[in-house]
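Let me begin by presenting the structure, written as C-alpha cells, before commenting on it.
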Protein chains: 2
Amino acid sequence: MSKNQLEEIKEQLKQKGYKLTTQRRIILDSILDNQDKHLSIEDIYKIVKEKMPEIGLATVYRTIMLLSDLKVLNKIDLDDGCSRFELSNSEESHNHHHLICIKCGKVEEAEDDLLEALEEQIENKKGFKVINHMVKFYGICKECKKE
Amino acid sequence: MSKNQLEEIKEQLKQKGYKLTTQRRIILDSILDNQDKHLSIEDIYKIVKEKMPEIGLATVYRTIMLLSDLKVLNKIDLDDGCSRFELSNSEESHNHHHLICIKCGKVEEAEDDLLEALEEQIENKKGFKVINHMVKFYGICKECKKE
DNA sequence: GTTCGTGCAAAAAATTTGCACCGGA
DNA sequence: TCCGGTGCAAATTTTTTGCACGAAC
C-alpha cells in the first residue's frame with residue numbers, strides 16, 4: 001500500500017542489526033508479490049526456490065519467524081494443518097478480519113472499525129488493554145449461498 | 001453450564017450412529033472436568049491416561065477430531081505450536097473471545113454481543129453469512145499493567 | 001454377529017536445531 | 001575481517017494412517 005514497503009522493511013532490519021541477505025530480500029519480494037494471498041511456509045519456499053534454487057527450507061522458516069517477530073507478518077490459522085502468513089501493513093494490521101467459507105474454503109478479507117467499540121468495553125470491564133486482534137468469521141460466502 | 005452436558009453429547013453421538021465407547025466417555029469426562037482450560041491433545045492424553053493407562057494417543061486425536069466435527073469442541077490457536085481445544089457450549093459457542101496477554105501469556109475469556117452488529121454489516125456489505133467466529137485479542141492484562 | 005473403534009507402531013507432515021562454511025557490513 | 005546467516009541433514013514434534021484385534025450395539 002505505502003510507496004515502498006520493501007524499503008521500509010529493509011530499514012527496519014538494518015536498524016535492528018539484522019543483515020539484508022539475498023535470501024531475505026527474495027523472500028520479502030515473494031511475499032510482497034503475493035499480498036492478497038495467505039501463504040504457507042511451503043508456498044513461500046516453492047516461490048522462492050524458483051528464484052534461488054539453492055535456498056533451504058530452514059532459511060524460509062527462520063526468515064518468516066524473524067518477520068513475524070518484527071510484526072512485518074501476521075500468522076493466521078486457517079485450520080488446514082499448517083501456519084499461514086500475510087503482510088501486516090501498518091494501516092491494516094490493527095483491524096484484521098477474515099471471512100472463511102465453510103463450504104468452499106475460500107478466505108476473503110474484511111475490515112471494519114466496529115471492533116473498536118468492543119475493545120473499549122473490554123478495557124473498561126476487564127482492565128485488559130487490547131493491542132491487536134485476530135478475528136475469523138466462519139460462514140457461507142456469497143457464491144456458495146447461490147448454490 | 002446446562003444440566004447435563006455429558007448426556008446431551010452422548011445423545012448426539014448415538015443419533016449420528018457413533019458408538020459410546022469407554023475411551024470416548026473418559027475423554028469427554030476429562031474435558032468436562034476442565035471446562036475453563038484450553039487443553040492440548042497432549043494435555044488430554046495425560047489426563048485420560050491416568051484413568052485408562054492403555055489408551056493410545058491416536059484414539060485421543062480421533063476422538064477430539066470427532067468432537068470438533070460435531071461442534072462439541074472448538075479448536076483454538078494460541079501460537080504455542082500445538083492445537084488446543086475447548087468446549088463450545090451451546091450458549092457460548094457463538095460468541096467466543098479470548099484475551100491473550102502478550103506479556104505473561106495468560107488466556108482469559110470474554111463474551112460480548114457487540115460483534116453481532118458487525119456480523120450484520122458483513123452480511124449486508126459482503127453477502128457473507130456468518131455462522132461462527134473466533135476472535136482473539138492480544139494485549140496487556142490487568143495484572144501485567146500494574147508492573 | 002456385525003460393524004465400528006481401538007491400540008500399536010509406522011509413516012507423514014511440520015518445525016527446529018547443530019554445525020561448518022559463506023558472504024554482507 | 002568478523003559475526004550473523006545459510007544450507008544441509010538430522011532431530012523433534014505434531015498429526016495421520018494401516019491393520020489386526022476387541023468391544024458396543
Side-chain angles (χ1 to χ4, degrees), chain A residues 6-7 9-30 38-70 72-73 75-85, chain B residues 6-7 9-30 38-70 72-73 75-85:
Chain A
L6 187 55
E7 287 308 320
I9 299 169
K10 279 184 188 174
E11 201 50 47
Q12 212 180 331
L13 283 173
K14 257 188 221 162
Q15 280 181 3
K16 306 233 173 171
Y18 297 108
K19 289 179 183 170
L20 182 59
T21 63
T22 316
Q23 289 85 342
R24 286 179 182 166
R25 202 151 2 88
I26 292 182
I27 290 172
L28 269 171
D29 281 343
S30 305
H38 305 89
L39 300 173
S40 68
I41 301 279
E42 208 65 42
D43 292 337
I44 297 167
Y45 181 53
K46 275 184 209 144
I47 296 168
V48 168
K49 222 170 162 49
E50 286 177 19
K51 303 178 191 166
M52 186 189 225
E54 68 272 29
I55 202 169
L57 181 55
T59 299
V60 178
Y61 269 99
R62 285 182 287 223
T63 303
I64 299 305
M65 290 313 139
L66 173 62
L67 294 175
S68 293
D69 287 348
L70 293 179
V72 170
L73 297 182
K75 183 180 171 190
I76 51 184
D77 178 24
L78 265 30
D79 286 348
D80 64 347
C82 62
S83 300
R84 294 180 173 275
F85 296 86
Chain B
L6 188 54
E7 288 308 322
I9 300 170
K10 278 184 187 173
E11 201 51 47
Q12 212 181 332
L13 282 174
K14 257 189 219 162
Q15 280 182 3
K16 306 232 174 174
Y18 296 108
K19 289 178 182 170
L20 184 60
T21 63
T22 316
Q23 288 85 341
R24 285 178 182 165
R25 202 152 1 88
I26 292 182
I27 290 172
L28 268 171
D29 280 344
S30 304
H38 305 89
L39 300 173
S40 68
I41 301 280
E42 209 64 43
D43 291 337
I44 297 167
Y45 181 54
K46 274 184 210 141
I47 296 169
V48 168
K49 222 168 159 53
E50 286 178 20
K51 303 178 193 167
M52 185 188 226
E54 68 271 31
I55 201 167
L57 180 56
T59 299
V60 179
Y61 269 99
R62 285 182 289 225
T63 303
I64 298 305
M65 291 311 137
L66 174 63
L67 294 175
S68 293
D69 288 347
L70 294 178
V72 170
L73 297 181
K75 183 181 172 191
I76 51 184
D77 178 24
L78 263 32
D79 287 348
D80 65 346
C82 62
S83 301
R84 295 181 171 276
F85 296 86

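Side chains included, hydrogens not; waters and symmetry mates left out as well; all remaining heavy atoms used. Source: prediction; values computed, not measured. Per chain, numbering begins at 1; letters A, B, ... match sequence-line order.
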Between A/Arg24 and B/Tyr18, name the one whose nearest nucleotide on DNA chain D is closer to the 5' end. A/Arg24
Write down the atom of B/Ile41, the atom of B/Tyr61, and the distance for their closest heavy-atom approach. CG2-CE1, 3.5 Å
Please report, rounded to the nearest Å, how far the C1' atom of C/dA14 is from the CD atom of A/Glu42. 9 Å
Contact class for B/Leu57 vs. all strands (heavy atom < 4.0 Å): base, sugar-phosphate, or nothing? base
Between B/Gln23 and A/Arg62, just flag the one whose closest nucleotide in DNA chain D comes earlier from the 5' side. A/Arg62
Looking only at heavy atoms, which two atoms of A/Ser40 and A/Arg84 are closest? And how far apart? N-NH1, 3.6 Å
Can you check the B/Lys16 NZ to D/dA24 C1' distance for me, whole Å? 20 Å
Heavy-atom donor-acceptor pair, A/Gln12 side chain to A/Leu70 backbone, under 3.5 Å: yes
Kindly point out which of C/dG7, D/dT15, D/dG7 is positioned nearest to the side chain of B/Tyr61? D/dT15
When you get a sec, tell me which of C/dC8, C/dG5, C/dG23 is the closest nucleotide to the side chain of B/Thr21? C/dG5
Where the side chain of A/Lys19 is concerned, which of D/dG4, D/dT6, C/dG7 is the nearest nucleotide? D/dG4
Spacing of B/Arg84 atom CZ relative to D/dT13 atom C1', expressed in whole Å: 14 Å
Would you mind reading off the distance between A/Asp80 atom CG and D/dT15 atom C1', rounded to a whole angstrom? 14 Å
Output the rounded distance in Å from CD1 (B/Ile44) to P (D/dT15). 11 Å
Nucleotide D/dG5, atom P - distance to CE of A/Met65 in whole Å: 16 Å
In whole angstrom, give the distance that lies between atom NZ of A/Lys14 and atom P of D/dG5. 15 Å
Tell me the closest heavy-atom pair linking A/Tyr45 and A/Leu57, and the distance in Å. CE1-N, 3.4 Å
Looking only at side-chain atoms of A/Ile41, point me to the closest of C/dT15, D/dT15, D/dC25. C/dT15
Contact class for A/Gly81 vs. all strands (heavy atom < 4.0 Å): base, sugar-phosphate, or nothing? sugar-phosphate
For B/Glu54, report the nucleic acid contact type (base, sugar-phosphate, nothing); a contact means any heavy atom under 4.0 Å. sugar-phosphate
Closer than 4.0 Å, any side-chain N/O of B/Thr22 to the OP1 or OP2 of D/dA23? no
Round to a whole Å and report the spacing from CG of A/Leu67 to C1' of D/dG5. 14 Å
Which atom of A/Ile55 lies closest to which atom of A/Lys49, heavy atoms considered: O-NZ, 3.5 Å
